[in-house]
Amino acid sequence: MGIQIRLMQPEDYTSAIQLWQELPGLGLSSADREEAIQAFLKRNPNTCFAAAQDKIILGTVLGGSDGRRGYLYHLAVHADYQKQGLGSTLVQTCLDALQSQGIEKCHIFVIADNQEGIQFWQKIGWQRRGDILVMSKEIR
Ligand SMILES: CC(C)(COP(=O)(O)OP(=O)(O)OC[C@H]1O[C@@H](n2cnc3c(N)ncnc32)[C@H](O)[C@@H]1OP(=O)(O)O)[C@@H](O)C(=O)NCCC(=O)NCCS
């Protein structure tokens, strides 16, 4: 069976978290525990995608919006399947889905020392911003 790009499903979590844990460049946190990811999928059921071969998840992108801007998280492609177009296809599929919801601009957060990730995003047309600094606060 070939690799299929399809909406990510709740039952994909186990295979997806394994993929995320294996890859450098993804910052995993408490927001990646199962109930948090399931809540994200429930809130954004039409903008999270998986590249899947049968039940094995080889790639992911979690897209969501707050109604104003779109945000992409956890773009990931299994190391053995990189540089074959899966990453850019996942991104474009996610952007098309966000656009169909009326979203006109998307942002991503990239760990500052993820040079390979930065090069990938620039290669597919994303612009690095020097005018914005991310600030965060724990509110739990
Ligand atoms: C970033 C990542 C998702 C790219 O996935 P991919 O399937 O290899 O990407 P694609 O094959 O669609 O590549 C699209 C273009 O970017 C280029 N590219 C991909 N990875 C690159 C890299 N590390 N450096 C420079 N260019 C890169 C490809 O050569 C391709 O260009 P081309 O069309 O001219 O050949 C994958 O490398 C990955 O999972 N990395 C680890 C996790 C990560 O860092 N995610 C991003 C977090 S912000």
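The shown structure was predicted, so the numbers you read here are calculated from the model rather than taken from an experiment. Each ligand, and each atom within it, is numbered from 1 in the order the structure gives.
One option in Glu22, Glu116, Lys83 has a heavy atom closer to atom 27 (C) of ligand 1 than any other, and that option is Lys83. For the residues Leu23, Val91, Thr60, Leu75, the heavy atom positioned nearest atom 43 (C) of ligand 1 is part of Leu75. Among Gly25, Gly117, Pro24, the residue whose heavy atom sits closest to atom 42 (C) of ligand 1 is Pro24. When Val77, Asn114, Ile124 are checked for heavy-atom proximity to atom 44 (O) of ligand 1, Asn114 turns out nearest.
Looking at ligand 1, you'll find an N or O of Gly85 within less than 3.5 Å of one of its N or O atoms. Of the polar atoms of Ser88, at least one N or O is found under 3.5 Å from an N or O of ligand 1, judged by distance alone. Inclusion of Phe109 in the set of residues having an N or O under 3.5 Å from an N or O of ligand 1 is not warranted.
Looking only at distances, a side-chain donor or acceptor of Gln82 sits under 3.5 Å from a matching main-chain atom of Val77. Of the possible polar contacts, none joining the Ser65 side chain to the Gly70 backbone as a donor-acceptor pair under 3.5 Å is found. In this structure, Gln38 contributes its side chain and Pro10 its backbone to a donor-acceptor pair below 3.5 Å.
The nearest protein atom to atom 7 (O) of ligand 1, hydrogens excluded, is given as Gly87 N, 2.8 Å; this is a heavy-atom distance. Nearest protein heavy-atom neighbour of atom 48 (S) of ligand 1: Trp121 NE1, 3.4 Å. When only non-hydrogen protein atoms are considered, atom 24 (N) of ligand 1 lies nearest to Gln119 OE1, 3.3 Å. With hydrogens left out, the protein atom closest to atom 9 (O) of ligand 1 is Phe120 CE1, 3.3 Å, a heavy atom. The protein heavy atom nearest to atom 15 (C) of ligand 1 is Lys123 CG, 3.8 Å. Protein heavy atom closest to atom 40 (N) of ligand 1, with residue, atom name and distance, is Gln82 NE2, 3.7 Å.
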Fill in: Evaluation steps, side chain to side chain contact (heavy atoms under 4.5 Å, CB included), between Leu86 and Ile5
CA-CA 9 Å; Leu86 273 183; Ile5 306 281; 4.0 Å; yes

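Rounding to the nearest 0.5 Å places CE of Met8 at 9.0 Å from NE2 of His74.
Of the charged side-chain nitrogens involved, at least one lies within less than 4.0 Å of a carboxylate oxygen, so that Arg6 and Asp12 count as a salt-bridged pair.
Under a hydrophobic-cluster definition in which Ile, Leu, Val, Met, Phe, Trp and Tyr are linked whenever side-chain heavy atoms come within less than 4.5 Å, directly or via other members, Ile111 and Ile118 are assigned to different clusters. Linking Ile, Leu, Val, Met, Phe, Trp and Tyr residues whenever their side-chain heavy atoms come within less than 4.5 Å leaves Trp20 and Ile56 in two separate clusters.
For the residue pair Leu90 and Ala51, the shortest heavy atom distance occurs at CD2-N, 3.9 Å.
Less than 4.0 angstrom separates atom 36 (C) of ligand 1 from at least one non-hydrogen atom of the protein.
Ring geometry, His107 versus Tyr71: the interplanar angle falls from 30° to 60°, so the pair is classed tilted.
No side-chain heavy atom of Leu72 sits less than 4.5 Å from a side-chain heavy atom of Leu75.
The proximity of Gln84 to ligand 1, defined as any non-hydrogen pair under 4.0 Å, is limited to the backbone.
The closest approach between Leu86 and ligand 1 falls below 4.0 Å for a heavy atom of the residue.
Annotation for ligand 1: atoms under 4.0 Å from non-hydrogen atoms of Ala76 are 39 (O).
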